[in-house]
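These notes are about the structure you will find just below.
Every heavy atom of this structure was used, including side-chain atoms; hydrogens, water molecules and symmetry mates were not. Labels below follow one simple rule: chain letters A, B, ... track the order of the sequence lines, proteins then strands, and each chain is numbered from 1.
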Amino acid sequence: MNDNADPISFTTNHTTSVVGTPLRHDSAHLHVSGRAIYADDMRLPAGSLHAALGMSTIAHGRIKSMDLSAVRAAPGVVCVITAVDIPGHNSYGPILDDDPIFPEALVQFAGQPIFAVAATSTEAARRAARLARVEYEALPAILDIREALAQQSFVIPTQTLCRGDPRAALQGAAHRLQGSLTIGGQDHFYLEGQIAIAIPQEDGAMLVHSSTQHPTEVQHKVGEALGRHVHDVVVQCRRMGGGFGGKESQPALFACVAAILAAKTGHTVKLRTDRDADMIMTGKRHDFVSDYEVGFDERGRITALCVMLASRCGYSADLSGPVNDRTMFHVDNAYYLEHVEIVSHRCKTHTVSNTAFRGFGGPQGMMVIENIMDDIARTLGVDPLDVRKANYYGTSDRNVTPYLQPVEDNILDDITDQLERTSDYRARRSSIAAFNAASPIVKRGLALTPVKFGISFNATLYNQAGALVHIYTDGSVLVNHGGTEMGQGLFTKVAQVVAEELGLPLQRVRVSATDTSKVPNTSATAASSGSDLNGKAAQAAAITLRDRLVAFACAQYKLSATQVRFAADRVLLGEETRDFTQLVREAYAARISLSAAGYYRTPKIHYDRVSLTGRPFFYFSYGVAAAEVAVDTLTGETRLLRVDILHDVGTSLNPVLDIGQIEGGFLQGMGWLTSEELWWNPRGELKTHAPSTYKIPTARDWPAIANVHLVEGMPNREDTIYRSKAVGEPPLMLGISVFQAIRDAVASCGAGPLPSLPPLPAPATPEAVLLTLNRLAAGRAALVEVAS
Amino acid sequence: MAAHPEKYPAKTDCVRFMLDGHVIEASDVPATRTLLQYLREDLGRTGTKEGCAEGDCGACTVVVGELVGEPGTNAVGGTEGGIEGRIEYRAVNSCIRFMPTLHGREVISVESLQPARGGGTGNGDDELHPVQRAMLECHASQCGFCTPGFVMSLFAFYLGGQDANREAIVDALAGNLCRCTGYRPIIDAGCRMHSYPEPARWSRADAQSPARHAALQALRGAPDTNSQRAPGFFAPTSLNELASLYQARPDALLLAGGTDIGLWVTKHLRDLPALIYVGDVAELKYVREVVYEGGGMLKIGAAVSLTDACAAIVGRYPMLAELANRFASPPIRNSGTLCGNIANGSPIGDAMPILIALGASVLLQRGNTTRTLALENLYLGYQKKALQPGEFIVAVRIPLPLAAEARTQRVASYKISKRFDQDISAVCSGYAMEISNGVIVSARIAYGGMAAIPQRAKHTEAALTGQPWSEATISAAVPALAADFQPLSDMRASSAYRLQVAGALLKRFYFEYNPVATGQASRVNGIEIDRIEIDHVASAGA
């Protein structure tokens, strides 16, 4: 499989032969041939049933009556359940108990599941689910953030992070600006929708195949819903057809419903949502509004900042607490904020409960500060890049975040200078200005924006992982770990680590489906932590096994430990070599255990939830992107013409997988900020619930000119797995460069320096761009420069 | 043939199609069972995925082969009897393709590209088709769920044999969504796939092998081919049969590509009335140019796919190439028909504005009676059409470009949507104006997305007609759009934006024919990108 790898040779401790090579995804051959098995592809036992969910039709109200007789009488229907049929705990909330599987009376968003049907076919179940007669007593619904703010409607209390004396610093600032920004949400649009298959086992146990980033949480929630112990439930997941955070807390709902129906009927039950139901009833990226006031000096350096953040959490807390915490922790992005106040409201609305999405609140925080950078630059009439650089964190001073973590691994200056050079930023800046001066309709824009993203779960306890490695007597190795595969190539990276430690080619190592009965008490594969945590845990297990083999060989062949080395499928024993398999067989015969568990917890991190300070992040990942766009000022249409990206992954575990994450993350971020618009009607019904109405980027949106590179020669300063860095989330925020480039093009329609560039709402749809151009033309600027 | 229910006994016959060299006889298939359901649930071929069940994401893409035309010609079919042409392979969305429409055709799913293997576990890279190999070696899959669909779209392109440059590949992939990769490696794979050695299976030559032709010919010619393949599904093979069948059953639903009707089933779970399929009526599969004194027209039959119809129209009106390219997606254009789009008559359909502007008409038939109706008069109100019970569209007739030298004809159609490719219009416009001696002597303008039906902008036309062809005239006419339209607000755009952009497109129409003095770009999409890049290089070098 590793036909792309360098020839394997005996190596020193400092070079690697499997880790760091551009090996393809371990399932690539299965993907391209249609042979990769997703949950919906599994063969089901005879008598299996198919489930569908019935949904509320109003945004907020009490169920007065629910007549399900027609549902029960429909052809093929075997079982119908509501809240009263849940044998155990009626909750799938990840943190608080405010997410009922089915509400008992109070519905809180249009599309909320209120009952489920199991029938002999998917079609029969879905048809039956539409036959319910439900009467509601409608209650007033809060449908947007501003309304929630006005009513002080919050799912959890407001948090404030303050350093220095921002109010006084504002008063003393040479320049002050006020502004506000709206930032849209985003649907995950994983290609494989939510799905769970529950298979009853003997003696009350339940096996669940779930498309989930968090098998342990699904296991716990299913156990609670069934009124069973956690050890009664096994959850497995070989792969997901995409996750992006949408399969962290959300899959538990579908798994619980399938399991309850399976327990009730004694049959296997599959619950596969169709695309529309999936988009209507699962949470999304939080949309935000932000009001801010910033003070800055003549160079554009921020001297004071007050930011109000308000997010749409939806009807329940879900993961909104940590999501909004991360937003607060990424308002600084790459910039030192000496005097800063960040107020974060977590608004309750009668819409679907928003959840994790790649970046986990961080992108919205960064959007705010990146907008401010541009506002400052336009006010001063200087290049936005110079304002950004002036505000970058320092390396020896000006290097402490608002939450009091020192930034110890800052490479912003280096990578920015490099990209500024390689992207020809300054020359293009002037050629664009010349183009725009001569082009009345199409305007071009350019922006270079940085990303600094904190790596670790904010909640310290989640930063742990386990793995299980077996060596069989034919020399093959089976690895299991707590991480899940959603396309990111985690299984490949972990297999590379184990192969590296045992000196084996990758073909020797197989990673099996994530399974709660093999590795328990795992954290979600989230927060970009997959390879950091599970790679280290698997490495620990592999080292344990290697050490046992070394000890055995030393005893057997009278060698010292330094004379035993593993490489190239062989073991060096002093002057001799042996096949790995041969040594394994000898060890087995000598009754040496060939199975080991590995465990890892991230060092150094700590975090005080009350003061919102500490060292929540083990390290930071960095990146820079320069995007050039064209904007049609007649219609507001935009197009990305070119992007240059330089992204930091420390020492890459696998360059092709990392490039894949960077490119995919960038385009997903661009989609969030350009074409992907969520739209609710006045009744609170989401009307963009399928690809016909919700528009993620297509192949044409990848620019014709794209230069994407990894930062070279900068290993992680911290002791991460082979000094690599996490890569899942940070590249998404490179997409902000596209949004700022659109603003740059829009700004070129104004005359001279602009003290007042109207805010561009995100996503920058053609309509949003034209609206902003209209405002610019009308001189009705929403930004007001405050006289100092 | 008279059409009485007794003529079509309830006895269910079967749908016969080719799959991996075998004839599949699918019996007792409900009329609305989709090919995707059949592949996954009945045949256990789970490589083809459901991502949206509405033909928008492409995870379900398969290729359908159909015998068409005469040997050595590229013309759309239309020959009666003795079909002996080539097999045309096209990517389609299996999620909204009803099983009975596959009768007599060949289906290729991702599993077809490799030799059958009984639960084998080997990697077998050598057996991969060049398309798969290119995808694999370019690292073009991440989660892998969309991958089989991309493979099949590229496979259809591979068999088509066009030059695999970036633009062509991007065009071919407009109907496939990937959420992981950012598409770059997939585009690379498409550009690279022709560089591998020809495979034994599914090379271009193999795709046209005599054995495949013979098999399809045999299916078509089988004496037991009947017009009822599933209960409630009628597939007439002649125009007369279609006309009498529909006249006798005016409550039946005419089915062509099924790219909208498919959703009535998969999304709305509707019970459909009897279906009458027009896709096997050879007499409706023609594209014909009719020239007469003083003009001519392009006649496109009701069973002609959007792909073929668009090619014919763009051949006459090259400026419509972008609209054709942005019309839905390749797999939808391969299934859907132009006349189906017209008959559906959605207020946001992309064909109608320009066809109305060009003065197109439809040829209608009911029983033995035919009549012609101007397209703009077909639409009476939202989902209301000037059709009699049992009356159907036989063909659309599109006037050919003006040949008169005294007048200059200016034609364009523009589409505004959140995404460039494969999106539904917020606004779609069609313009056809004639200019003589600098004066607009005739202006026909129609818009979609602005009213309950695709509709002419008569106030605006009046404000332009007789006026000089100038920016001032255009600007003065724009406010008239507000008299023509009071668009609604929905998830695609607000009323205010629609109205403003309708005017902006009218201005674009002027600017495109009158490049702004600087010669700079007038829009961000399409060919203008190259101009921008060239300009950039020039500026940077200066």
Between the main-chain N or O of [Y] and the side-chain N or O of [X], is there a donor-acceptor pair closer than 3.5 Å?
X: B:R419; Y: B:Q422; result: yes
X: A:Q186; Y: A:F357; result: no
X: B:R166; Y: B:C191; result: no
X: A:T688; Y: A:W679; result: yes
X: B:K415; Y: B:D423; result: yes
X: A:T633; Y: A:I441; result: yes
X: B:S153; Y: B:F150; result: no
X: B:R498; Y: B:A426; result: yes
X: A:Q213; Y: A:G245; result: yes

Where on [X] is there a heavy atom nearer than 4.5 Å to chain A: the side chain, the backbone, both, or neither?
X: B:A493; result: both
X: B:S417; result: backbone
X: B:L177; result: both
X: B:I187; result: side chain
X: B:R184; result: both

Which one of [options] has the most heavy-atom pairs closer than 4.5 Å to chain A?
options: B:M135, B:E54, B:R492; value: B:E54
options: B:T266, B:V501, B:D490, B:T147; value: B:D490
options: B:L263, B:L173, B:D171; value: B:D171

Considering only heavy atoms, which portion of [X] lies under 4.5 Å from any heavy atom of chain B: side chain, backbone, both, or neither?
X: A:D40; answer: both
X: A:A690; answer: both
X: A:L634; answer: both
X: A:V629; answer: neither
X: A:T765; answer: side chain
X: A:L678; answer: neither
X: A:Q661; answer: both
X: A:P763; answer: neither

(request) Could I get the full list of side chain to side chain contact (heavy atoms under 4.5 Å, CB included) partners for B:C180, not counting sequence neighbours? (result) A:F244, B:Q142, B:C143, B:C178
At a heavy-atom distance under 4.5 Å, which candidate from [options] has the highest pair count against chain B?
options: A:V631, A:D632, A:L667; value: A:D632
options: A:M486, A:Q668, A:R43, A:K687; value: A:Q668
options: A:R239, A:M279, A:R272, A:Q488; value: A:R272
options: A:P697, A:A706, A:G242, A:G636; value: A:P697
options: A:E485, A:K443, A:H188; value: A:H188
options: A:G34, A:G241, A:G664, A:P691; value: A:P691

(message) With a sphere of 6.0 Å drawn around CZ of A:R429, does it hold more than 12 non-hydrogen atoms of other residues, nucleotides or ligands?
(response) yes
(request) Go through the structure and list residues passing ring pair (Phe, Tyr, Trp, His ring centres under 6.0 Å) with B:F145, not counting sequence neighbours. (result) A:Y38
(message) Would you call the rings of A:W702 and A:F666 parallel, tilted or perpendicular, taking 30° and 60° as the class edges?
(response) perpendicular
